[in-house]
Amino acid sequence: MEVIAIVERFENLEERKQRTIRQAALAEFAAHGYAKASTNRIVKAAGIGKGMLFYYFTSKQELYAYLVKYSLETIQSRFLDRVDGKEPDMIERLTQLARLKMEAQIENEEVFNFSSVFMQENDAPLPDGLAVKIGELKQTGYRLMYEGIDKSRFRKDADPDKVFHLIRWSIDGFQQELLAKLSGQNLAEIDFAPYWDEFYGYLAILKRSFYETEGESS
């Protein structure tokens, strides 16, 4: 099976209708995975007839592949393409990643929920081209996180790889705890300034704990 072409009938729909169908399908696959996802639940959530869904997508498999393609493009353009991969300071790089990912998740919550499923699923049928693109996206994320980090800024009495992971876990943990705390709220309407102030306070502690001071590094 080749990489799917753009589904012209669907993409010729007005954006509001596209979004309604897409959001319903993304939510269903995110909640149940490919095998247990139900097109009956999708059409009910979208408020359309089943015949209309299959007018745009000939099968559940084609719908799933379309959503994977759409999600990969969204994550690339709304998140990864905005990251400065040349930033050498690890905390600054990971902070940038965390903030950009949070912004992208707020705008595209269903896409990111779905991505956590299709990135792990091995039994969902996908065109070879899409499977390759998933691997490429993972590699891009890995590269943006790890490549070009200046580990000489870390304390000399600490293992730099362990320092890297401790800092990454701390930042990831804060982000996940914040998202859990705000679950169910309209994220687009929340003032994140106090949360970012709290976040930067933790980052200052991490730098004092794991970075050399100016006097020590000279």
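Keep in mind that this is a model prediction, so the values were computed, not measured.
- Counting heavy atoms from C-beta outward, Y146 and R168 have side chains that approach closer than 4.5 Å.
- The aromatic rings of F10 and Y56 stand perpendicular to each other, their planes meeting at an angle above 60°, with 30° marking the opposite boundary.
- E73 has no carboxylate O lying under 4.0 Å from a charged side-chain N of K133, or vice versa, which leaves the two without a salt bridge.
- For the side-chain contact (heavy atoms from CB on, under 4.5 Å) criterion with P88, the lone passing option out of K151, R153, R93 is R153.
- For R82, the side chain to side chain donor-acceptor pair (under 3.5 Å) test picks out E103, with sequence neighbours left out.
- With sequence neighbours left out, the side chain to side chain donor-acceptor pair (under 3.5 Å) criterion links Q96 to no other residue.
- Follow the hydrophobic side-chain contacts under 4.5 Å out from M52 and you never reach F54; the two are in separate clusters.
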With a 3.5 Å cut-off and sequence neighbours excluded, list the donor-acceptor pairs that the side chains of residues 170-177 form with protein atoms.
from, atom 1, to, atom 2, distance (Å)
S170, OG, L166, O, 2.8
Q175, NE2, A98, O, 3.2

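- For F118, the ring-ring contact (aromatic ring centres under 6.0 Å, His included) partners are F114, not counting sequence neighbours.
- A distance of 11.0 Å separates NE2 of H165 from CD1 of I167, quoted to the nearest 0.5 Å.
- Here the side chain of E212 pairs a donor or acceptor atom with the backbone of K156 at under 3.5 angstrom.
- Residue K162 qualifies as open at atom NZ: its count of foreign heavy atoms under 6.0 Å is 12 or below.
- Among the candidates L67, N113, V117, V68, the single residue satisfying the side-chain contact (heavy atoms from CB on, under 4.5 Å) test with F29 is L67.
- At least one side-chain heavy atom of K60 sits under 4.5 Å from a side-chain heavy atom of Y34.
- Looking at heavy atoms from C-beta onward, S71 lies in side-chain contact with L26 at the 4.5 angstrom threshold.
- Between N12 and R9, the closest side-chain pair of non-hydrogen atoms is not below 4.5 Å.
- In this structure, CZ in R22 is found 9.5 Å from OG1 in T20, a value given to the nearest 0.5 Å.
- One hydrophobic cluster holds both L178 and Y202 under the rule that ILVMFWY side chains link at heavy-atom gaps under 4.5 Å.
- Residues passing the side chain to side chain donor-acceptor pair (under 3.5 Å) test with E136, sequence neighbours excluded: none.
- Under the side chain to side chain donor-acceptor pair (under 3.5 Å) criterion, H32 pairs with no residue, sequence neighbours left out.
- Around the OH atom of Y142, the shell of radius 6.0 Å holds no more than 12 heavy atoms that belong to other residues, nucleotides or ligands.
- Note: L72 CG to L130 CG = 6.5 Å, rounded to the nearest 0.5 Å.
- Two residues are said to be in side-chain contact when any heavy atoms from C-beta on lie closer than 4.5 Å; M90 and Y211 meet this criterion.
- With rounding to the nearest 0.5 angstrom, the CD1 atom of I91 is 12.0 Å from the OH atom of Y200.
- Inter-residue side-chain proximity for F79 and T74 is flagged as unmet; no heavy-atom pair is nearer than 4.5 Å.
- What you find for A158 and V163 is that their closest heavy atoms are CB-CG2, 3.6 Å.
- Nearest approach of T58 to E62, heavy atoms of both residues: N-OE1, 3.0 Å.
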